[in-house]
Amino acid sequence: MESYNSFKVAQQQILEAARILNLDKATIELLSQPQREFNFTLHVRMDDGKIKIFQGYRIQYNFARGPAKGGIRFHPDETVDTIRALGCWMTWKTAVVDLPLGGGKGGVCCDPKSMSERELENLSREYIRAIAPLIGTDKDIPAPDVYTNPQTMSWMMDEYETIMNRHQPGVITDKPQQIGGTEGRRDATARGGVITVREACKVHGFDPTKTFAIQGFGNAGQRAALLHREILNGGKLVAVSDSKGAIYNPDGFNPKDLVTYKLKTGSVLGFPGSKAIPHDALLELDVEILYPAALENTITSKNAQNIKARVICELANGPTTPEADIILNKKGIHVIPDILASAGGVTVSYFEMVQDNYSYFWSEELVHQRLDEKLTKAYHTVSEAVREKNVHPRLGAMVVGVARVAEACKLRGWV
Ligand code: GLU
């Protein structure tokens, strides 16, 4: 039976890495559970004057390498287990790119698309009122995730600073630049992913100037559409999708026009010259590179068999189920796993924290250059682990991340 509980999947991945690394029982137990988790109710004044209750979470998965770090997601399907899984993956993600940070994640079960700007602001501020004592530049630093953005971060930082009565921009990342944000954060997740594709093409001889498809057209998907061609000197975007549907054009889309259209109409559907196709058909197209950039459990045992892409660059967290992973490996598809491919965002978040700390800001070129160095190094460190341990890329990345966290736990005398 295929498992769709993301936290069970995450725990299974830890066991596989632990087996390769010969970790002892106490270390496995410690790494398989969040160090701290907080569940709370939020009471928010809605536009009709009534109070609505929402369920909120903040999970600080592991602190061994530094303060917890990870986004806050506003989504109707949020559960404690999805947040646990996402916090767990953040722990390995920050370790794979060697940042002095732990992992965490937060969320609110809500439908942001049906809420007004004012309701979202009330919810964001209420969320921070609930977690203010738990977060801080040296404890836990949130950021955006699905359906949250720099505006959400601005309200949250402002609420935190009001409660603490001090200026503290580094408490949250991916803020607008006018209030302590950094150059290069908005496209960082996509840029990091495209850099890993560049390295994969160099090592394995894939051709990035051929075709590519993007599943999910939120921030990461849109930026990948624009950056793929810029960084890889070519490539034809033949299909994209969002929560409303998927579209295809064998002659290729102009990424800029597509982003403008999506921002104007709220969906990619109906883009001039496109043909609507089913969601799964996008995943199964014969393309050189496929970017899953939406949610968990998109590539499953149902569609993996039909996937024809040569490279899968996972910009989303947890898009591939373990059963699908086995199928993709057997087919020889090169998967650049989420904890590596999507690590660009948190890397530039870390750069933002550093700049906030000394209140002096870097140029865009410097941010890009340092991001490139981190992701290129991480790609090759993972490749080395894949070769040395003779494992598939996801396990290789897990081995690198888990080994670093386990070592920090040991040095601290926790295990
Ligand atoms: N939500 C993003 C992720 O999943 C960014 C996290 C961060 O910057 O802290 O990687």
Side-chain angles (χ1 to χ4, degrees), residues 6 10 57-63 65-75 78 82-97 99-108 131 135-137 139-150 152-153 156-157 169-176 180-193 195-196 216 218-221 223-224 291-296 313-319 336-356 367 370-371 374-375 378 397 401:
S6 297
Y57 310 96
R58 184 72 192 166
I59 296 205
Q60 297 168 339
Y61 197 87
N62 192 284
F63 296 101
R65 289 173 49 87
K69 181 87 191 84
I72 296 168
R73 180 182 281 200
F74 286 176
H75 198 276
E78 231 41 84
T82 54
I83 303 289
R84 281 179 181 139
L86 292 160
C88 177
W89 289 327
M90 282 310 299
T91 306
W92 321 132
K93 196 187 285 192
T94 55
V96 164
V97 272
L99 306 178
L101 296 169
K105 203 77 164 201
V108 178
I131 65 164
I135 60 171
T137 52
K139 285 193 216 172
D140 180 2
I141 305 100
D145 199 76
V146 174
Y147 296 147
T148 51
N149 55 41
T152 328
M153 299 305 107
M156 290 185 170
M157 180 193 76
V171 71
I172 201 155
T173 57
D174 202 350
K175 304 174 294 292
T182 177
E183 293 278 0
R185 176 62 185 83
R186 274 286 81 195
D187 71 11
T189 305
R191 184 175 293 273
I195 288 168
T196 62
N219 181 50
R223 305 290 172 146
Y291 292 94
L295 292 171
E296 304 87 64
C313 175
E314 295 183 339
L315 292 177
N317 289 303
I336 310 176
D338 52 358
I339 58 170
L340 170 63
S342 74
V346 72
T347 301
V348 177
S349 274
Y350 164 64
F351 296 161
E352 183 171 330
M353 289 167 59
V354 171
Q355 294 168 78
D356 283 336
V367 172
R370 288 186 166 158
L371 172 65
K374 277 274 181 206
L375 267 291

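Order of listing sets the numbers, starting from 1, for every ligand and every atom in it. Since we're looking at a predicted model, the values are computed, not measured.
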Enumerate the atoms of ligand 1 whose separation from the nearest heavy atom of [X] is less than 4.0 angstrom.
| X | result |
| --- | --- |
| A143 | 7 (C), 8 (O), 9 (O) |
| R185 | 5 (C), 8 (O) |
| G70 | 9 (O) |

Among protein heavy atoms, which sits nearest to [atom], and what does the distance come to when rounded to 0.1 Å?
| atom | result |
| --- | --- |
| atom 10 (O) of ligand 1 | K93 NZ, 2.7 Å |
| atom 8 (O) of ligand 1 | S349 OG, 2.6 Å |
| atom 9 (O) of ligand 1 | K69 NZ, 2.7 Å |
| atom 4 (O) of ligand 1 | K105 NZ, 3.0 Å |

Practice prompt. I would like to know whether K105 and N317 meet side-chain contact (heavy atoms from CB on, under 4.5 Å); could you show each step before the answer?
Written response: CA-CA 12 Å; K105 203 77 164 201; N317 289 303; 3.7 Å; yes
Discussion item. Below the 3.5 angstrom mark, is there an N/O of P144, backbone or side chain, next to an N/O of ligand 1?
Written reply: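 Yes; at least one N/O pair falls below 3.5 Å.
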Run the contact test for [X] against ligand 1 with a 4.0 Å cut-off on heavy atoms, strictly below, and give the result.
| X | value |
| --- | --- |
| A343 | no |
| M90 | yes |
| E352 | no |

Fill in: Lys/Arg N to Asp/Glu carboxylate O, D145 vs R73, below 4.0 Å
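Looking at D145 and R73, the cut-off is met.
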Practice prompt. Please check if any side-chain donor atom of T173 sits under 3.5 Å from a side-chain acceptor atom of E352, or the reverse.
Written response: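 No, because no side-chain N or O of T173 sits under 3.5 Å from a partner of the opposite role on E352.
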